[in-house]
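Below: the structure, in structure tokens.
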Amino acid sequence: MFAALQLPNYRIFLGGSFISNIGTWMQRVAQDWLVLELSGGSGLAVGITTALQFLPMLLLSPYGGLLADRFDKRTILRITQAWMALAAGALGLLAITGAAVTWHVYLIAFLFGLGTAIDNPSRQSFVNEVVGSKHLANAIGLNSATFHASRIIGPALAGLVIAAFGSGWAILSNAVTYGAFIAALALIDGKLLQVSQRPPRAKRQIREGVSYVFGNPEILLVMCVAFFVGTFGMNFQMTSALMAQQEFHKGAQEYGILGTIMAVGSLTGALLAARRREAPRGRFIIKMAVLYGFILIITGLMPSYLTYAMILPITGFVALLTMTASNAAIQLNVAPQLRGRVMALYAMVMMGGTPIGAPILGWLGELFGPRWTLLAGGGLTVLGVLASALILARRQRIQIVPVLTPRPHFELRDR
């Protein structure tokens with residue numbers, strides 16, 4: 001379960017990521033709470049904020065992936081981490097001084113998203129350079145484990161800081177934690193990195209990545225599943241904020257606790273996923289995504305704050321297994337020289353769909369009540385995943401099969 005930790009570079013990478021992720025979760029909680037305060041409890045405003053933060057993922061991820069394939073990933077990560085630290089610092093100071101208004105949050109959320117769109121492909125593909133293909137599956141699971149361990153700590157800290165000092169101080173804390181990851185990048189021994197061969201500059205390199213995805217039905221299936229899960233199923237910062245404040249009439253501290261409780265299930269799922277040694281099959285990914293959609297619907301039907309909190313660990317557990325399975329199915333099979341571009345497309349469909357889903361679900365929550373953000377999100381996830389599977393199955397009966405060759409790829413197998 002912890003095999004990748006024997007590598008010194010990976011221990012440094014993981015430690016810096018863990019501290020930085022705590023700050024990220026603090027900001028996510030505080031930002032949504034700040035928007036609710038500034039907008040008078042508008043679910044649509046929270047949805048717009050979420051959409052603006054993830055819109056650059058939809059627009060710029062392919063370019064971020066191309067940069068990750070062509071340039072030094074550590075240099076890219078240093079720049080993007082500094083950019084996001086400045087964005088978080090600006091929003092935190094505006095909130096602390098009382099100068100923040102809703103459009104300030106909208107603007108800075110978008111600027112923050114610009115950094116994320118470039119950062120994400122480099123961060124995802126850099127893991128392979130740190131650990132190599134032998135430990136990649138384990139490292140993907142451990143990355144998720146630390147991400148969700150920080151999710152246990154971050155929201156709880158955010159709730160305490162917001163209750164004691166206000167949202168601005170929680171957001172400002174995130175700006176400081178970026179220093180830990182920047183320091184980790186400086187400490188990593190470059191001689192131990194397994195750097196992939198960088199493709200020379202050429203025309204239509206982004207199109208090459210897109211063609212690679214559409215030429216592999218198995219990867220295309222995973223991308224479709226990721227789109228519907230990411231667009232309609234992964235809006236928990238918005239849905240939990242609305243449920244806590246408007247459905248259960250709780251404060252910031254209780255809202256932060258919900259994120260921590262859910263992260264317990266997510267951490268358990270991540271540790272289980274860390275035991276994986278091969279690419280998961282497409283059938284498993286479809287089943288987990290459909291199960292996750294149904295659990296979202298059940299979560300939305302919980303009658304009280306206590307029962308809602310009790311089901312969140314299960315929701316987080318299934319969500320994490322779905323996400324790590326999708327991620328591993330692509331990372332363990334994509335050609336190394338295309339990893340940055342393909343992972344950028346994966347991030348684009350997983351998180352870039354949020355600008356579509358978040359405003360829709362926020363509007364439904366404002367119109368019919370907070371529960372509908374979960375009921376509709378779960379229903380649309382199930383319908384979208386099943387429709388994608390049926391359409392692609394008509395074209396060709398497919399199955400994800402890892403092939404042990406120097407250049408990993410998918411093998412088509414008729415049933």
Side-chain angles (χ1 to χ4, degrees), residues 18-43 45-47 49-50 53 85 87-102 104-106 108-109 112 147-178 180 235-267 299 302 304-313 315-316 362 365 370 373-374:
F18 179 61
I19 296 172
S20 179
N21 285 334
I22 291 174
T24 298
W25 280 110
M26 291 183 70
Q27 174 164 335
R28 288 187 181 183
V29 170
Q31 180 176 278
D32 287 349
W33 200 259
L34 177 63
V35 172
L36 285 173
E37 291 176 330
L38 295 175
S39 65
S42 171
V46 178
T49 303
T50 305
Q53 185 161 330
L91 181 58
L93 289 174
L94 284 170
I96 289 169
T97 57
V101 294
T102 307
H104 288 152
V105 186
Y106 290 166
I108 294 177
F112 196 89
F147 181 75
H148 291 285
S150 66
R151 190 177 179 180
I152 294 174
I153 301 170
L157 282 177
L160 292 172
V161 172
I162 293 169
F165 306 107
S167 301
W169 288 102
I171 296 170
L172 193 61
S173 299
N174 184 37
V176 176
T177 61
Y178 281 110
N235 293 283
F236 270 102
Q237 292 310 117
M238 176 185 72
T239 56
S240 285
L242 292 172
M243 290 290 284
Q245 187 193 64
Q246 298 181 12
E247 186 67 27
F248 302 128
H249 309 291
K250 301 296 183 179
Q253 191 167 349
E254 290 86 354
Y255 166 49
I257 290 172
L258 290 178
T260 297
I261 292 171
M262 183 175 179
V264 173
S266 300
L267 177 59
T299 304
M302 289 297 102
S304 68
Y305 177 84
L306 179 60
T307 55
Y308 181 81
M310 289 174 63
I311 200 173
L312 284 182
T315 310
T373 59
L374 290 162

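Nothing here was measured: the structure is a model prediction, and the numbers come from that model. For the numbers below, each heavy atom of this structure counts, side chains included, while hydrogens, waters and symmetry mates do not.
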Is the shortest side-chain heavy-atom distance between His104 and Val101 below 4.5 Å? yes
For the student: nearest non-hydrogen atoms of Ala100 and Leu38, plus distance: O-CD2, 3.5 Å
Any chance you could lay out the side-chain contact (heavy atoms from CB on, under 4.5 Å) test for Arg28 and Thr24, step after step, and finish with the verdict? CA-CA 6 Å; Arg28 288 187 181 183; Thr24 298; 3.8 Å; yes
Indicate the atoms forming the closest heavy-atom contact of Ala170 with Ala30, along with that distance. CB-CB, 3.6 Å
Decide yes or no for Leu242 and Glu247: does some side-chain heavy atom of the first lie under 4.5 Å from some side-chain heavy atom of the second? no
Which atom of Trp25 lies closest to which atom of Gly154, heavy atoms considered: CB-CA, 4.1 Å
Does Asn174 use its side chain to pair, donor to acceptor, with the backbone of Ala88 at less than 3.5 Å? no
So which atom in Ser150 and which in Asn21 form the shortest heavy-atom distance, rounded to 0.1 Å? OG-CB, 3.1 Å
Write down the atom of Met262, the atom of Leu312, and the distance for their closest heavy-atom approach. CG-O, 3.6 Å
Strictly distance-based, threshold 3.5 Å: is any side-chain N or O of Thr97 a donor or acceptor partner for the main-chain N or O of Leu94? yes
pair Leu34-Leu91: side-chain heavy atoms closer than 4.5 Å: yes
Name all residues meeting the ring pair (Phe, Tyr, Trp, His ring centres under 6.0 Å) criterion together with Tyr308; count only those two or more places apart in sequence or in a different chain, and write none if there are none. Phe248
Those residues at least two apart in sequence (or on a different chain) that pass salt bridge (Lys or Arg N to Asp or Glu O under 4.0 Å) with Glu37 are none
Hydrogens and angles aside, do Ser20 and Thr177 bring a side-chain donor and acceptor to less than 3.5 Å of each other? no
Heavy atoms only: give me the nearest Thr373-Gly365 pair and the separation to one decimal. CG2-CA, 3.8 Å
So, do Leu258 and Tyr305 sit near enough that their side-chain heavy atoms are less than 4.5 Å apart? yes
To the nearest 0.5 Å, how far apart are CG in Asp32 and CD in Gln245? 11.0 Å
Any side-chain heavy-atom pair from Gln53 and Gln31 closer than 4.5 angstrom? yes
How long is the gap from OG on Ser173 to OH on Tyr178, to the nearest 0.5 Å? 12.0 Å
With a 4.5 Å limit on heavy-atom distance, are the side chains of Ile261 and Pro313 in contact? yes
Any side-chain heavy atom of Ile257 within less than 4.5 Å of one from Lys250? no
Student check: side-chain heavy atoms of Met26 and Ile171 closer than 4.5 Å: no
